[in-house]
Amino acid sequence: MIVRVVPDVPAIERAFDYAVPEGWERRITVGTMVRIPLAGRRVGGWIEAVDVEPTPGVRIEPLAKVSGAGPSDEVMDLCRWAAWRWAGRLATFLRLASPERMVPSVGRRVPTGDTAAPDRMGADARPPRQVLRVAPATSTDHVVLEACSHGDTLVVCPSIGQAAALARRLRAAGVPTALHPDDWGRAAAGGVTVVGARSAAFAPMPRLAGVVVLDEHDEALQSEGSPTWHAREVVLERARRARVPATLVSPCPTLEATSRSPLVVGDRAAERAGWATLHVIDRTEDDLGRSGLYSPRLVPFLRGDDPVVCVLNRKGRAQLLACRSCRELFRCERCSGPVHQPAAGVVECRRCGAERPVVCLSCGSTATALLRQGVTRAREELEALVGEPVEEARPDATPTTRVSIGTEAVLHRVRSAGTVVFLELDQELFAPRYRASEEALALLARASRVVGGRDGRVVVQTRAPEHEVIRAALLADPSIVAEAEAVRRELARFPPAVTMAIVGGEAAPAFMEAFGRPPGVEVTGGVEGTDWTLIADDRRTLLDALAATPRPPGRLRLQIDPVRIRG
DNA sequence: CGGACAAGCTGA
DNA sequence: CAGCTTGTCCGG
């Protein structure tokens with residue numbers, strides 16, 4: 001028997017034929033992971049097709065080894081789709097769809113021939129697809145449990161921590177649950193609900209009956225590198241192919257979600273109760289230069305017995321500093337770029353990374369004025385302000401003091417607090433990113449969850465108290481942001497109104513040369529080594545053109561609808 | 001990706 | 001023209 005194998009070498013986007021040694025046939029099926037001899041070395045690979053006609057005129061080598069079970073036929077097709085959808089390599093996605101440790105064989109609990117998902121919809125009806133808006137502090141377990149009651153459900157969470165916690169609760173509720181990727185083999189056997197972080201979008205689900213994405217708005221669902229694949233989109237495509245219902249859940253649904261699936265909003269009173277009480281400290285009248293990071297009106301919120309978490313999205317000690325005696329802005333001595341102060345005593349260039357001691361280049365003074373404080377300095381001031389120890393939240397540890405301060409990452413680490421303070425929300429509201437509003441609202445939602453809804457407090461210091469994000473959080477009405485955002489994205493031609501590709505890396509010039517100027521695709525950038533930006537109204541037009549372009553050798557960074565668009 | 005092989009560069 | 005570098009091609 002001859003099989004066709006996709007090598008586990010991303011740069012090789014071809015399949016090759018191999019002979020199956022006598023007696024190995026029953027261990028081989030589409031998706032099986034094997035080792036193959038290829039160009040004088042041994043590499044891994046996935047069986048793409050069995051019983052194929054061998055390509056005439058080539059010497060066929062035998063497989064070297066059967067390694068274990070791999071993605072099913074359907075998941076391999078899903079990987080092919082994902083490789084097109086995010087202009088990535090097939091092997092990249094097949095790796096995601098494969099177990100981390102080899103699974104020798106899958107003990108199917110589902111009889112063969114009965115692997116089709118239970119068709120709940122009838123032959124022609126489109127399976128329901130919805131976006132459920134659920135307030136941040138409201139449990140969504142009932143949504144998952146309802147889905148699980150109809151059969152094997154795929155549940156994707158933004159983090160593995162959330163997935164593990166949900167898996168425990170589901171098991172406690174009597175739902176057979178596999179945690180992806182650890183329980184890959186159990187998932188492949190069928191008869192379980194599968195819970196995991198974004199890679200679970202490719203989990204084996206032989207009897208998929210429905211999909212749920214929790215916190216659909218969370219950026220962690222999208223891969224930050226290249227390819228920029230998004231678990232929400234993979235799961236929706238999977239549900240479409242399997243003809244099963246899909247539910248996206250979020251306190252602040254994205255335009256990507258609501259532009260393709262109907263939004264379902266529950267009881268408004270219940271939704272309001274699930275958002276924290278928002279206190280806005282309007283700093284419009286405060287003196288810009290000298291009023292500091294802490295408004296006097298903030299002090300009452302910091303006192304008391306309840307835990308307080310302060311969020312300031314600036315690392316280090318200072319972001320921008322000037323000489324106190326000659327008023328000159330501190331700059332890099334090598335490239336004269338702006339410098340920041342990562343720790344006491346040193347400044348570092350943002351552009352070239354050069355470090356030097358804190359000495360003014362024009363007058364030699366070491367006295368500095370911190371124009372934009374970072375977390376380290378802000379912690380010192382906060383401690384003086386509250387008169388008790390304040391810990392800076394570190395990436396690995398949960399703070400032990402009542403009052404703590406950190407970047408937004410603290411909101412992922414702190415389990416609960418009575419009050420969350422955003423010291424400078426304007427940083428988020430006016431961030432030079434096209435998703436800034438959605439991201440800022442997501443931060444307020446996360447804070448609402450940390451403080452437990454209406455009984456907790458979220459305090460924001462801002463010079464834009466009328467900003468739509470603040471109004472939305474005050475009224476617990478995310479549609480205020482969504483509606484404004486939809487208009488802006490349409491006008492400014494940002495996703496999801498258009499499909500965008502960013503092309504960078506050393507191979508980008510050669511790639512763009514080969515890409516040409518296909519109709520329906522707007523091409524900008526590429527001057528002086530900058531990235532190219534490709535925009536198309538029709539997604540298929542852009543993705544087909546990208547897929548038809550041969551990849552030149554060298555590193556190529558191709559990002560489809562990335563979260564951040566770099567200049 | 002990584003090996004094979006071919007086409008260019010250098011030194012005597 | 002050997003001996004080496006750099007580039008292009010291709011793998012079953």
Side-chain angles (χ1 to χ4, degrees), chain A residues 1-73 76-77 79-102 199 202 223-229 501 503-516 526 529 546-560:
Chain A
M1 183 170 70
I2 305 297
V3 290
R4 188 152 293 152
V5 179
V6 178
D8 185 9
V9 183
I12 302 177
E13 293 222 84
R14 284 183 53 198
F16 299 90
D17 296 341
Y18 289 88
V20 178
E22 205 66 33
W24 291 19
E25 288 87 350
R26 49 170 205 86
R27 293 165 65 203
I28 298 253
T29 174
V30 170
T32 302
M33 298 178 75
V34 292
R35 291 198 68 80
I36 49 169
L38 184 71
R41 62 200 170 120
R42 268 192 187 193
V43 296
W46 294 269
I47 307 259
E48 181 188 58
V50 293
D51 255 327
V52 297
E53 272 307 308
T55 316
V58 288
R59 193 179 80 259
I60 306 252
E61 298 275 336
L63 297 174
K65 187 188 174 194
V66 175
S67 307
S72 67
D73 214 346
M76 284 192 85
D77 278 339
C79 289
R80 263 184 274 276
W81 171 83
W84 169 82
R85 174 65 179 74
W86 287 282
R89 259 77 183 259
L90 178 59
T92 311
F93 292 102
L94 290 176
R95 282 178 189 172
L96 281 169
S98 302
E100 285 183 340
R101 284 174 300 281
M102 284 301 170
S199 67
F202 294 98
S223 169
E224 57 290 315
S226 160
T228 54
W229 68 278
V503 185
E506 56 171 282
F511 181 85
M512 288 308 298
E513 180 69 30
F515 183 77
L546 287 171
T549 306
R551 288 204 181 210
R555 286 184 60 85
L556 183 70
R557 196 180 61 251
L558 244 170
Q559 299 175 297
I560 309 297

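All values reported here derive from a predicted model rather than from experimental measurement. Every chain is numbered from 1 and lettered A, B, ... according to where its sequence line falls, protein lines coming before strand lines.
- A straight line from CD of A/E13 to C1' of C/dC9 spans 17 Å, rounded to a whole angstrom.
- With sequence neighbours excluded, the residues that form a side chain to side chain contact (heavy atoms under 4.5 Å, CB included) with A/A19 are A/I2, A/I60.
- Within residues 86-98 of chain A, no residue has a heavy atom under 4.0 Å from DNA chain B.
- Look at CD1 on A/I12: it is 10 Å from P on B/dG2, rounded to the nearest Å.
- With A/S226 as the fixed residue, the side-chain contact (heavy atoms from CB on, under 4.5 Å) test singles out one of A/Q559, A/R555, A/R89: A/Q559.
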Between A/I36 and A/V43, does a side chain to side chain contact (heavy atoms under 4.5 Å, CB included) hold up when you go through it step by step? CA-CA 6 Å; A/I36 49 169; A/V43 296; 3.7 Å; yes
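- The CD1 atom of A/I60 sits 5 Å away from the C1' atom of C/dG12 (whole-angstrom rounding).
- Here the P atom of nucleotide B/dG2 and the CG atom of A/D8 are 12 Å apart, to the nearest Å.
- As a whole-Å value, the separation of A/R551 CZ from B/dC1 P is 11 Å.
- The separation between A/R555 atom CZ and B/dC1 atom C1' is 13 Å, rounded to whole Å.
- Put simply, CD1 on A/I36 is 13 Å from P on C/dG11, counting in whole angstrom units.
- Note: A/W84 and A/W81 have tilted aromatic rings, judged against thresholds of 30 and 60 degrees for the angle between ring planes.
- In this structure the side chain of A/P37 reaches within 4.5 angstrom of the side chain of A/Y18, judged on heavy atoms.
- When rounded to the nearest whole Å, the span between CG of A/L38 and C1' of B/dA4 equals 14 Å.
- Ion pairing between a basic and an acidic side chain is recognised when a charged N comes within 4.0 Å of a carboxylate O; A/E61 and A/R59 show such pairing.
- Contact of A/R41 with B/dC1 (side chain to base): a donor-acceptor pair of N or O atoms is detected under 3.5 Å.
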